[in-house]
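Presented below is the structure to which this report refers.
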Protein chains: 2
Amino acid sequence: MASMKDVARLAKVSVSTVSRVISRSVPVDEKTRLQVEKAIRKLQFKPNLLASGLRSKSGQVIGLAVPEILHPSFNAIIKYVEESVRSEGLQLILGNTHNDFEIEAQFIESLVRRHVDGIIFSRVSDQSSILHVVNKSHVPVVVLDRALDTEDIPTVVLDNYKAGVLAAEHLVMLGHRKIACVAGHSNILLSRERLSGFSDTLRQHGIQLGHDRVYEGNFRYETGKEAVQKFFTDGVEITAIWAQSDLIAFGAMAELERMGIAVPESISVMGLDDIEFARIAVPALTTVKQPFEDMCRKAVELIMLQTRKEKLPSKRFVLAPELIVRNTTRSPRGSL
Amino acid sequence: MASMKDVARLAKVSVSTVSRVISRSVPVDEKTRLQVEKAIRKLQFKPNLLASGLRSKSGQVIGLAVPEILHPSFNAIIKYVEESVRSEGLQLILGNTHNDFEIEAQFIESLVRRHVDGIIFSRVSDQSSILHVVNKSHVPVVVLDRALDTEDIPTVVLDNYKAGVLAAEHLVMLGHRKIACVAGHSNILLSRERLSGFSDTLRQHGIQLGHDRVYEGNFRYETGKEAVQKFFTDGVEITAIWAQSDLIAFGAMAELERMGIAVPESISVMGLDDIEFARIAVPALTTVKQPFEDMCRKAVELIMLQTRKEKLPSKRFVLAPELIVRNTTRSPRGSL
DNA sequence: TTGTAAGCGTTATCAT
DNA sequence: ATGATAACGCTTACAA
């Protein structure tokens, strides 16, 4: 492959001039510029990213760490982060941490050694190496989707409280009063926030969300099944369920189906995320949409700002959720 | 960040010795090795990947080009490629080509400039720049999931003909005779192969798959809906449908549901891929499984073999599909 | 505006 | 077994 040296020789200029033409950081005489460009075309010269990265200390990549690739919401994040990253002229290194902090640490280390321009963490493990990264190597970092309440790191999150509010309002407006919630683990901040928004709003409408009506699990499909089994084993009366993820909602619906309980005729179900399948499934899932696209764009933007050493207007960016009404919710039997 | 120079100074050896300790390519005296390792630990030295990449002409990354991230089968591919790549000690650069050959070309160019150790193409666009890559820059390449019939490029594919056979056998065994197929575009080789396997097998059982019973579209959800509409508009009698992707199958089921036709009671539906949702959906989808994990592992393996300049045992690796029977297929009414 | 030359942090070659 | 030293291909002071 042709190098700058070759171009310089052909264009009868120095390598620095070639470099200037390419980076267009410094004015170059029209005539010499044309010569150089001609030589570049002739030799099909493409600058070596490793060399320029080494010199300028910028690998022209950003890294994205997700805890699990085969999960619809992370798919969305991967897609939109890739899009934003490319629109900045960079490339994306993707790593699956499997929620394992050792794998995460190893991934991060490689990114740092590669002089990435930034790292986006989507849901970090609790023993995350983020702090280490931020302190030791000064690589710009953004946390996406899961806020760390304790840390002073740029963060992009959903307004999780508001998500709970939207869900509660929707179910209450439909006339439900026997309502349950399937939540993520309470040691995760966003689970707590979602639940607070949900139960606060119910309370404002005179509905108490008792402990027996809250099932705590993870955000996966199986949690939905388990929750439904638990509610019925405990004999809890229910006409509507809000699941804190669409996957949970699908698990719940599958279990209801298995038990011969019709959705939404007998029980309404709604989720959170608005994954692709929410639209596709039959019946289509009523849910609270997470604005993944905006969140990812924001995250990349925050990386770029830090790269340019600009001061961030704020450390914490909270984006609003949106209620998407489809076909898994309706008024309870006998109401209205 | 500490560099080799720093380590060398602290350990009172030359940088080359440090390099040798790290690469362990050449024997180093036990004693000096320990000294060096101590210094490395003390300084928390991490070799710079850009520098070593520049010198050794290996970026320690491989690139993966997919046409669409938000598609369940590509999710699987992304996941399993990432896994295999990491187990080789490399990292993954992911690019979404949107089936746009210009975007693809640009992505590939950056990968080459980055001296990636290999590129995996998952379903290339028809005007793909693969050939260019293979010829100009000698970067190892593997095509995954969609074979190019014309080219002499290492390829990993599903045995698509066999997939058609498995689907046909299953439906025939259940007693179906009025069978339809929703296929991908016939200008894509794998669609044709799947269809051939399917119709050949039906024919062996005395069933002719007429043109009116084949709907050609893409592999997306909407195609399934369109196909069902078409079949019913045309008044084609059907008791079973094989869709060449799970997404198509879900589209078909949604449309059947909308029309009040029960699956599998009135019409059996089966797919191809075995995406996550096939298991999760209600009713769970009967399908032909694509061994994504094995395919991806193979693809990465082929890259590594090429990197080591080893001769490939073959250019084309065909992996077997597997029938997964779930709840969307059963014997037609009236039979057995 | 352009050229010279000194790195960036490694690895590879050649001595010793 | 170890050390000097020259690359790798680019950017960036500093000079001219």
Side-chain angles (χ1 to χ4, degrees), chain A residues 1-37 39-40 43-61 109-117 137-139 307, chain B residues 1-37 39-40 43-61 109-110 112-117 137-138 307:
Chain A
M1 274 222 288
S3 75
M4 268 193 177
K5 222 171 177 174
D6 304 317
V7 175
R9 196 179 304 126
L10 184 61
K12 299 192 202 312
V13 294
S14 70
V15 285
S16 28
T17 302
V18 178
S19 176
R20 285 175 192 123
V21 168
I22 287 169
S23 68
R24 50 172 98 61
S25 53
V26 180
V28 172
D29 188 82
E30 180 74 11
K31 211 163 137 191
T32 53
R33 210 198 67 219
L34 289 173
Q35 274 174 42
V36 171
E37 284 172 345
I40 288 177
L43 297 174
Q44 299 216 54
F45 167 69
K46 315 283 182 201
N48 179 323
L49 286 171
L50 295 177
S52 66
L54 173 60
R55 185 60 235 246
S56 61
K57 298 190 175 316
S58 150
Q60 302 282 70
V61 253
E109 185 187 309
S110 289
L111 293 179
V112 171
R113 297 211 282 146
R114 213 177 275 289
H115 282 279
V116 296
D117 294 355
S137 62
H138 295 144
V139 180
T307 302
Chain B
M1 275 226 287
S3 76
M4 268 192 177
K5 224 173 177 172
D6 304 317
V7 175
R9 195 178 306 127
L10 185 61
K12 300 192 200 312
V13 294
S14 71
V15 285
S16 15
T17 301
V18 178
S19 176
R20 284 175 193 122
V21 169
I22 287 171
S23 68
R24 50 174 97 61
S25 53
V26 181
V28 172
D29 187 84
E30 179 73 10
K31 211 164 138 193
T32 53
R33 210 199 66 221
L34 289 172
Q35 272 172 44
V36 171
E37 283 172 347
I40 288 177
L43 296 174
Q44 300 217 52
F45 168 70
K46 315 282 182 204
N48 180 324
L49 285 170
L50 295 177
S52 68
L54 172 61
R55 189 60 237 247
S56 63
K57 297 189 176 317
S58 151
Q60 303 281 72
V61 253
E109 186 188 309
S110 289
V112 172
R113 296 211 282 146
R114 213 177 275 289
H115 283 279
V116 296
D117 295 353
S137 62
H138 296 145
T307 301

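Letters A, B, ... mirror the listed sequences (proteins, then strands); counts begin at 1.
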Sugar-phosphate, base or nothing in reach of A:Ser23, heavy atoms under 4.0 Å: nothing

Residues B:Arg20, B:Val36; criterion side-chain contact (heavy atoms from CB on, under 4.5 Å); working and verdict: CA-CA 10 Å; B:Arg20 284 175 193 122; B:Val36 171; over 6 Å; no

Distance (rounded to the nearest 0.5 Å) between B:Phe45 CZ and A:Arg113 CZ: 8.0 Å

Under 3.5 Å donor-acceptor pair, B:Arg55 side-chain atoms to D:dA7 base atoms: yes

Whole-Å gap separating P (D:dC8) and CG (A:Asp6): 10 Å

Atom-to-atom span, CE of A:Met4 to C1' of D:dC8 - whole angstrom: 14 Å

Divergence of helical axes at both termini of the helix from C:dT1-D:dA16 to C:dT16-D:dA1 - five pairs an end, 10° steps: 40°

Length of the line joining A:Leu50:CG and D:dT11:C1', which is rounded to integer Å: 15 Å

Side-chain N or O of A:Lys57 closer than 4.0 Å to phosphate OP1/OP2 of D:dT11: no

Proximal nucleotide (of C:dC8, D:dC10, C:dT2) relative to the A:Leu54 side chain: C:dC8

Under-4.0 Å side-chain N/O to phosphate OP1/OP2 contact, A:Thr17 with C:dT2: no

Criterion side-chain contact (heavy atoms from CB on, under 4.5 Å) on B:Arg114 and A:Gln60, from CA distance to verdict: CA-CA 10 Å; B:Arg114 213 177 275 289; A:Gln60 302 282 70; 3.9 Å; yes

Pairwise 5' ranking along DNA chain D for B:Ser56 and B:Pro27, keeping only the more 5' one: B:Pro27

Most 5' of A:Ala51 and B:Arg33 on DNA chain D, judged by nearest nucleotide: B:Arg33

C:dT4 OP1/OP2 closer than 4.0 Å to side-chain N/O of A:Ser16: no

Taking every non-hydrogen atom, the tightest pair across A:Met4 and A:Ile22: CE-CD1, 3.8 Å

Spacing between B:Gln60 atom CD and C:dG9 atom P, to the nearest angstrom: 18 Å

From CA spacing to verdict: side-chain contact (heavy atoms from CB on, under 4.5 Å), B:Val7, B:Leu10: CA-CA 5 Å; B:Val7 175; B:Leu10 185 61; 5.9 Å; no

Shortest non-hydrogen contact from B:Ser14 toward B:Ala8: C-CB, 3.8 Å

Spacing of B:Lys12 atom NZ relative to D:dA4 atom P, expressed in whole Å: 14 Å

D:dA4 OP1/OP2 closer than 4.0 Å to side-chain N/O of B:Ser14: no

Integer-rounded Å distance: C:dT10 P and A:Arg114 CZ: 14 Å

Nearest listed nucleotide, side chain of A:Arg20, among C:dT4, D:dC10, C:dT10: C:dT4

Spacing of B:His115 atom NE2 relative to D:dG9 atom C1', expressed in whole Å: 9 Å

Side-chain N,O (B:Ser19) to OP1/OP2 (C:dT10) below 4.0 Å: no

Phosphate OP1/OP2 of D:dG9: any A:Lys46 side-chain N/O under 4.0 Å: no

Nucleotide nearest A:Ser52 (side chain, heavy atoms from C-beta), chosen from C:dT10, D:dC10, D:dA13: D:dC10

Atom pair distance, as rounded to whole Å: CD1 in A:Ile40 and P in D:dC10: 10 Å

Closest approach of A:His115 to B:Leu50 (non-hydrogen atoms, all atoms of both residues): CB-CD1, 3.7 Å

Nearest heavy-atom neighbours spanning B:Ser58 and B:Asp117: OG-OD1, 3.0 Å

A:Val28 side chain, from C-beta outward: closest of D:dT11, D:dT2, C:dT2: C:dT2

From C:dC8, D:dG9, D:dA1, nucleotide with atom closest to B:Lys5 side chain: C:dC8

